[in-house]
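The block underneath contains the structure these notes are about, expressed in structure tokens.
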There are 2 protein chains.
Amino acid sequence: MGNLADRIEEYLKMILDDAQEGYVVLQRGFLAEFFSCAPSQINYVLTTRFTAEKGYVVESRRGGGGYLRIIKLGLDPEGKFQRLMAELIGEEMSQTRAYNLIDRLLEEEILTEREAVIIKGIFAERLLADLIPNPNELRARLMKDILANICRDDVNN
Amino acid sequence: MGNLADRIEEYLKMILDDAQEGYVVLQRGFLAEFFSCAPSQINYVLTTRFTAEKGYVVESRRGGGGYLRIIKLGLDPEGKFQRLMAELIGEEMSQTRAYNLIDRLLEEEILTEREAVIIKGIFAERLLADLIPNPNELRARLMKDILANICRDDVNN
DNA sequence: GATATTATGACCTTCTTTGACCTTAATTAA
DNA sequence: TTAATTAAGGTCAAAGAAGGTCATAATATC
């Protein structure tokens with residue numbers, strides 16, 4: 001984890017883990033100071049690492065008393081899965097978006113690490129690009145199929 | 001073993017042997033510098049010498065903090081997987097042949113039932129046929145990648 | 001000599017970092 | 001009670017820092 005963005009991400013996830021309410025509130029300026037970086041670097045980290053796919057919501061407020069609130073969402077297993085599928089996947093899915101979603105499923109322990117690695121493998125642009133007209137469409141389709149199969153009771157004991 | 005590519009290969013395998021995690025992380029630029037060669041020479045070595053068939057997986061990341069990660073696959077005793085990849089799978093694979101192979105891997109407890117279901121899903125003709133010119137070629141490629149990934153030590157503890 | 005392998009360089013894509021400038025909210029002064 | 005000031009956070013473009021690709025040149029190999 002050499003770079004700044006990764007370190008900030010790590011730090012935020014660490015304090016999120018400690019917060020049992022499931023969210024943290026802090027100031028952008030404080031973070032920027034803490035990591036000796038431009039304040040906009042914080043926004044960069046938030047928009048690239050704390051996305052909906054990855055299971056986070058970020059709220060904020062400007063002006064005096066302004067703040068950032070980073071909320072970690074849980075996936076309760078009550079069929080909201082299907083909604084997630086439809087909303088998040090759509091008709092097309094880039095490698096990056098697919099990987100984000102897989103990481104999320106891994107964090108939620110819906111996938112094992114081995115499964116995550118296998119699935120990431122088959123979604124790799126490198127493997128698909130020259131063989132398929134539209135890899136994004138295939139990924140969306142496969143992702144839905146995979147999620148459906150994961151939900152099957154008969155294979156989850 | 002006089003040429004550059006061979007020396008780079010040798011060097012990488014040496015440091016891989018020293019790494020008890022089963023992988024090494026390093027920078028392409030550093031390697032190119034180290035061997036006084038064009039950076040693309042490193043890619044040449046990676047694509048010709050560190051393939052799945054030969055028992056390696058390579059991951060990478062661009063941009064600041066970018067890196068190459070070369071993973072040495074945990075070799076099964078007789079190099080069973082390598083043979084499987086080269087001989088059994090070849091360049092094309094029908095749904096039927098793929099399913100047979102998956103069943104066998106399941107029987108041998110190389111795959112879990114869930115994994116088998118997931119993988120069969122993505123190999124289904126129904127999902128691939130209308131989107132891809134040659135599903136058999138894609139299956140062969142994906143199957144090799146999957147086999148490689150399940151040999152990774154870092155995800156099998 | 002023909003073919004296969006290896007090496008290079010020009011150009012491309014992706015990811016990160018910074019800084020200048022903008023918007024919004026709270027506080028304070030007139 | 002406005003109006004000005006201050007204190008936040010937001011946006012965007014440009015520069016920097018990696019790795020990737022591909023055509024071509026150079027070398028081995030047969």
Side-chain angles (χ1 to χ4, degrees), chain A residues 1-12 23-51 53-54 56-71 93-100 103 120 123-132 135-136, chain B residues 1-12 23-51 53-54 56-71:
Chain A
M1 291 298 194
N3 65 24
L4 182 54
D6 287 343
R7 281 188 289 123
I8 297 173
E9 174 188 8
E10 198 176 2
Y11 172 75
L12 291 175
Y23 65 85
V24 294
V25 177
L26 34 66
Q27 301 209 178
R28 187 181 73 153
F30 161 79
L31 269 178
E33 185 76 18
F34 189 71
F35 285 98
S36 312
C37 66
S40 53
Q41 176 73 354
I42 306 304
N43 298 79
Y44 174 69
V45 173
L46 292 178
T47 53
T48 55
R49 318 294 220 266
F50 292 85
T51 62
E53 265 143 29
K54 298 187 181 225
Y56 298 91
V57 175
V58 177
E59 296 172 346
S60 67
R61 199 167 141 188
R62 305 186 187 194
Y67 60 83
L68 301 172
R69 178 197 304 242
I70 307 171
I71 305 161
M93 191 161 224
S94 67
Q95 174 182 321
T96 305
R97 284 215 309 130
Y99 280 24
N100 286 343
D103 283 337
K120 279 186 183 177
F123 280 173
E125 190 71 14
R126 151 182 72 86
L127 289 182
L128 306 180
D130 64 314
L131 227 50
I132 304 170
N136 289 342
Chain B
M1 290 297 190
N3 67 24
L4 182 53
D6 288 341
R7 280 189 290 122
I8 296 173
E9 175 187 7
E10 196 177 1
Y11 171 75
L12 290 175
Y23 64 84
V24 294
V25 177
L26 34 66
Q27 302 210 176
R28 187 180 73 153
F30 161 79
L31 269 178
E33 185 78 17
F34 190 71
F35 286 97
S36 312
C37 65
S40 53
Q41 177 71 356
I42 306 304
N43 297 79
Y44 174 69
V45 173
L46 293 178
T47 52
T48 55
R49 320 292 221 266
F50 293 85
T51 62
E53 272 100 340
K54 301 195 172 174
Y56 298 89
V57 173
V58 178
E59 297 173 346
S60 67
R61 190 167 145 186
R62 305 187 188 192
Y67 59 81
L68 302 172
R69 177 197 304 241
I70 307 171
I71 303 161

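Numbers restart at 1 for each chain; the letters A, B, ... are given by sequence-line order, proteins then strands.
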Base versus backbone protein contacts along nucleotides 22-30 of chain D [heavy-atom cut-off under 4.0 Å; B, S, -]: B--------
More than 12 heavy atoms from other groups under 6.0 Å of CD on Glu33(A): no
For Arg28(B), salt bridge (Lys or Arg N to Asp or Glu O under 4.0 Å) partners two or more places apart: none
Interatomic distance where CD belongs to Glu59(A) and P belongs to dA25(C) [whole Å]: 14 Å
Spacing of Arg126(A) atom CZ relative to dT21(D) atom P, expressed in whole Å: 10 Å
Interatomic distance where CG belongs to Leu31(B) and P belongs to dA7(C) [whole Å]: 14 Å
Distance, nearest 0.5 Å, that separates OH of Tyr11(B) from CZ of Phe35(B): 6.5 Å
Where Pro39(A) and Ala32(A) come nearest, the two heavy atoms and their spacing: CA-CB, 3.7 Å
Arg62(A) CZ to dA8(D) C1', straight-line distance once rounded to whole Å: 9 Å
Position toward the 5' end of DNA chain C (nearest nucleotide), Gly63(A) or Pro39(B): Pro39(B)
Integer-rounded Å distance: dA17(D) C1' and Phe30(B) CZ: 17 Å
Sugar-phosphate, base or nothing in reach of Gly66(A), heavy atoms under 4.0 Å: sugar-phosphate
Sugar-phosphate, base or nothing in reach of Leu68(B), heavy atoms under 4.0 Å: sugar-phosphate
Separation of dT16(C) P from Glu9(A) CD (nearest whole Å): 9 Å
Taking every non-hydrogen atom, the tightest pair across Glu125(A) and Pro135(A): OE2-CG, 4.0 Å
Value in whole Å for how far the P atom of dA18(D) lies from CD of Gln27(B): 5 Å
Nearest non-hydrogen partners of Val25(A) and Tyr67(A), listed with the distance: CG1-CB, 3.8 Å
Distance, rounded to the nearest Å, where Glu33(B) contributes CD and dA17(D) contributes P: 15 Å
Closest non-hydrogen atom pair between Asn3(A) and Gly64(B), with its separation: ND2-O, 3.1 Å
Closest heavy-atom pair and its distance - Arg49(A), Ala5(A): NH2-CB, 3.5 Å
Candidates dG20(D), dT18(C), dT23(C) - which lies nearest the side chain of Asn43(B): dG20(D)
Which atom of Tyr56(A) lies closest to which atom of Ile70(A), heavy atoms considered: CD2-CG2, 4.3 Å
I'd like a table of atom pairs between the protein and nucleotides 3-6 of chain C - only N or O on both sides, under 3.5 Å - with the distance next to each one.
unit_1: dT6(C); atom_1: OP1; unit_2: Arg49(B); atom_2: NH2; d: 3.4
unit_1: dT6(C); atom_1: OP2; unit_2: Tyr44(B); atom_2: OH; d: 2.5
unit_1: dT6(C); atom_1: OP2; unit_2: Arg49(B); atom_2: NH1; d: 3.4
unit_1: dT6(C); atom_1: O5'; unit_2: Tyr44(B); atom_2: OH; d: 3.1

5'-most by nearest nucleotide on DNA chain D - Thr47(B) or Gly64(B): Gly64(B)
Ser36(A)/Leu4(A) under side chain to side chain contact (heavy atoms under 4.5 Å, CB included): CA gap, chis, key distance, verdict: CA-CA 10 Å; Ser36(A) 312; Leu4(A) 182 54; over 6 Å; no
Distance test, side-chain N/O of Arg61(B) to OP1/OP2 of dT16(C), below 4.0 Å: yes
Ser60(A) side-chain N/O to dG10(D) phosphate OP1/OP2 under 4.0 Å: yes
Distance-only donor-acceptor test, Arg28(A) side-chain atoms vs dG10(D) base atoms, 3.5 Å: yes
